[in-house]
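Below is one structure; the comments refer to it alone.
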Number of protein chains: 2
Amino acid sequence: MGNRDKKVSMAVVRRLPRYYRYLGELLKHDITRISSKELSQRMGVTASQIRQDLNCFGGFGQQGYGYSVEYLYKEIGNILGLYNGYTTIIIGAGNLGRALANHSNFEKRGFKLAGIFDISDDLIGEEVRNIEIMHMDKLDEFVKLHRVDIAVLAIPKQGVSEVAQRLANLGVKGLWNFSYTDLNIESDVNIENVHLSDSLMTLSYQITQKN
Amino acid sequence: MGNRDKKVSMAVVRRLPRYYRYLGELLKHDITRISSKELSQRMGVTASQIRQDLNCFGGFGQQGYGYSVEYLYKEIGNILGLYNGYTTIIIGAGNLGRALANHSNFEKRGFKLAGIFDISDDLIGEEVRNIEIMHMDKLDEFVKLHRVDIAVLAIPKQGVSEVAQRLANLGVKGLWNFSYTDLNIESDVNIENVHLSDSLMTLSYQITQKN
DNA sequence: TCATCCTTGTTAATATATTGTCAATAAATT
DNA sequence: AATTTATTGACAATATATTAACAAGGATGA
């Protein structure tokens, strides 16, 4: 049983998608089994870390054999909730909102895009990926009707706090926040921030220090 | 002097942009001084961590007073290389490439967007933000002429490895990689991956475990 | 000017994360 | 069927990161 009961650290959780990705590649190449040692070499991590990470969720492997790629792939997908068919909406039909709507991995990972919202009258009625852009006035009704799980926040930081609170109140479970601000919401909604500028600045730091 | 000489850990580096952001907000509100204690409360971290992080780079504060917001802001900006006027290009003029080109923070943080490249003939000649989209054939010449520092990779993963190696060979210092693959380049080029799907899957995990 | 208060920079203590080791055991080989 | 090899899961050892504690010294106010 080991450490399967303990709370799993975010350090481990953030590595799961990467395992999932590599296992998916192996599957594509018809590789049916993999040892932690070989996977570690492909991924550039230690075999020990892989085994320890996986054991947070269960003993998926077999001594002397390794791991079944397909089984492990599905198990991790399951842990990540990728087969739950979460319904998503995008708030903001600007460049970023559209880019995310067209992001192929989005649907490939099992997320269903149900609606896109904006406040600009020019955009209302336009279609992105066969999904009509709706006015924010319709948001509440839509979220309740379609039982939206995840909302993608692709709007400027000025309005984001109010919208985020509104979504949380409507029962949305997760906010994927691209606006350049930290959300502080009165709710137990889960928030995942993607601060693109932060990432670029980190790259800038590395260049600066090296040269 | 303390730990100023030791190699700074990425955990610390990744927090710098956030400090920079909060200090910028303080500046906007005409707050001229701040203690680690008050900043820690605003940011939701420990004061100890702030002081320890900053001391990796120097003693910017003063006992009994705290930190000068403007001074600290500029110092961190400097550490991050934001005043070096790095020249950037975007590879891929699809939705994501355009979104990033139009990203206002991009220029606000001191990065100069010099060119956008694509392979699709339909797009060549079109303009995004007054910048003409050029064909990849012109890439080598352009990078050399304009001394490009950073390239943003906003193309599908199929072609990204080859392009990345090409850019590295041309002397580009940093790659900001949005393609859903890990780059393995023969060069000392710095790579910052932004795997959007990974982030969404992490959010999915959190929702799944909680409910 | 002097005493008190405040806040840093630094070091020590604690907590967390990663890596190494090995007994247990299944698979592969002889 | 017996032996060797491979590999896990668990745990111990190590390394890294975070937090707490505090002496040193400037700021503040009487």
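Residue numbers begin at 1 in each chain, while the letters A, B, ... track the order of the sequences.
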Problem set entry | For E75(A), side chain to side chain donor-acceptor pair (under 3.5 Å) partners two or more places apart | none

For this session: Look at the aromatic rings of F111(B) and Y86(B) and report parallel, tilted or perpendicular, splitting at 30° and 60°.
Result: parallel

Exercise. Which nucleotide in the list dA10(D), dA17(C), dC11(D) gets nearest to the side chain of N55(A)?
Worked result: dA10(D)

For this session: Ignoring the backbone of R51(B), work out which of dA21(D), dT19(C), dG9(D) is nearest its side chain.
Result: dA21(D)

Exercise. Hey, does V12(A) have a side-chain heavy atom less than 4.5 Å from the side chain of F57(A)?
Worked result: yes

For this session: Rounded to the nearest angstrom, tell me the gap between atom NZ in K37(B) and atom P in dC6(C).
Result: 9 Å

Exercise. Atom CD1 of I50(B) and atom C1' of dT18(D): how far apart are they, to the nearest Å?
Worked result: 13 Å

Exercise. Would you say a side-chain N or O of S36(B) is under 4.0 Å from OP1 or OP2 of dT8(C)?
Worked result: yes

For this session: For F60(B) and dT8(C), give me the distance from atom CZ to atom P, rounded to whole Å.
Result: 14 Å

For this session: Using five pairs at either end of the helix from dT1(C)-dA30(D) to dT30(C)-dA1(D), determine the angle between the two local helix axes and round it to 10 degrees.
Result: 20°

Exercise. Along nucleotides 24-30 of chain C, 5' to 3', which nucleotides get a B, which get an S, and which get a -, given that the test is a protein heavy-atom distance under 4.0 Å?
Worked result: BBBSS--

For this session: Quickly, which of R15(B), R14(B), R21(B) forms a salt bridge (charged side-chain N to carboxylate O under 4.0 Å, His left out) with D198(A)? Name it, please.
Result: R21(B)

For this session: With side chain to side chain contact (heavy atoms under 4.5 Å, CB included) as the test, would you mind laying out the steps for V13(A) and T202(B) before giving the verdict?
Result: CA-CA 7 Å; V13(A) 172; T202(B) 304; 4.1 Å; yes

For this session: Go through residues 40-49 of chain B and report each residue with a non-hydrogen atom lying under 4.0 Å from DNA chain D, sorted by number.
Result: T46(B), S48(B), Q49(B)

Problem set entry | Electrostatic pair R166(B)-D140(B), nearest N-O below 4.0 angstrom | yes

Exercise. When you look at CD of E70(A), are more than 12 heavy atoms from neighbouring residues, nucleotides or ligands closer to it than 6.0 Å?
Worked result: no

Problem set entry | Nearest-Å distance for atom pair CZ/P, residues R15(B) and dT16(D) | 16 Å

Seminar exercise, completed: When V143(A), I131(A), V152(A) are each screened for side chain to side chain contact (heavy atoms under 4.5 Å, CB included) with I89(A), the one that passes is V143(A)

Problem set entry | Atom pair distance, as rounded to whole Å: CG in D53(B) and P in dA17(D) | 11 Å

Exercise. Between dT16(C) atom P and R14(A) atom CZ, what is the distance in whole Å?
Worked result: 17 Å

Exercise. How close or far is atom C1' of dT8(D) from atom CG of L39(A), stated in whole angstroms?
Worked result: 14 Å

Exercise. In whole Å, what is the span from the CD atom of Q52(B) to the P atom of dA12(C)?
Worked result: 13 Å

For this session: Look up atom OH in Y73(B) and atom CG in L27(B), then write down how far apart they are to the nearest 0.5 Å.
Result: 6.5 Å

For this session: Please step through side-chain hydrogen bond (donor to acceptor under 3.5 Å, both in side chains) for the pair N95(A) and H103(B), ending with a clear verdict.
Result: CA-CA 9 Å; N95(A) 286 283; H103(B) 202 260; over 6 Å; no

Problem set entry | Interface residues of residues 16-32 of chain A with DNA chain C (non-hydrogen, below 4.0 angstrom) | none

Exercise. For E141(B), does the CD atom sit with more than 12 other heavy atoms under 6.0 Å from it, leaving out its own atoms?
Worked result: no

Exercise. Looking at Y67(A), does any N or O in its side chain come under 4.0 Å of the phosphate oxygens OP1/OP2 on dA6(D)?
Worked result: no

Exercise. Considering only heavy atoms from C-beta outward, does the side chain of E107(B) approach that of L113(B) to under 4.5 Å?
Worked result: yes

Exercise. Taking the six-membered ring for Trp, are F178(A) and W176(A) parallel (under 30°), tilted (30 to 60°) or perpendicular (over 60°)?
Worked result: perpendicular

For this session: For R42(A), enumerate each residue passing the side chain to side chain contact (heavy atoms under 4.5 Å, CB included) test, keeping only those at least two apart in sequence or located in another chain.
Result: L26(A), I31(A), I34(A), E38(A)

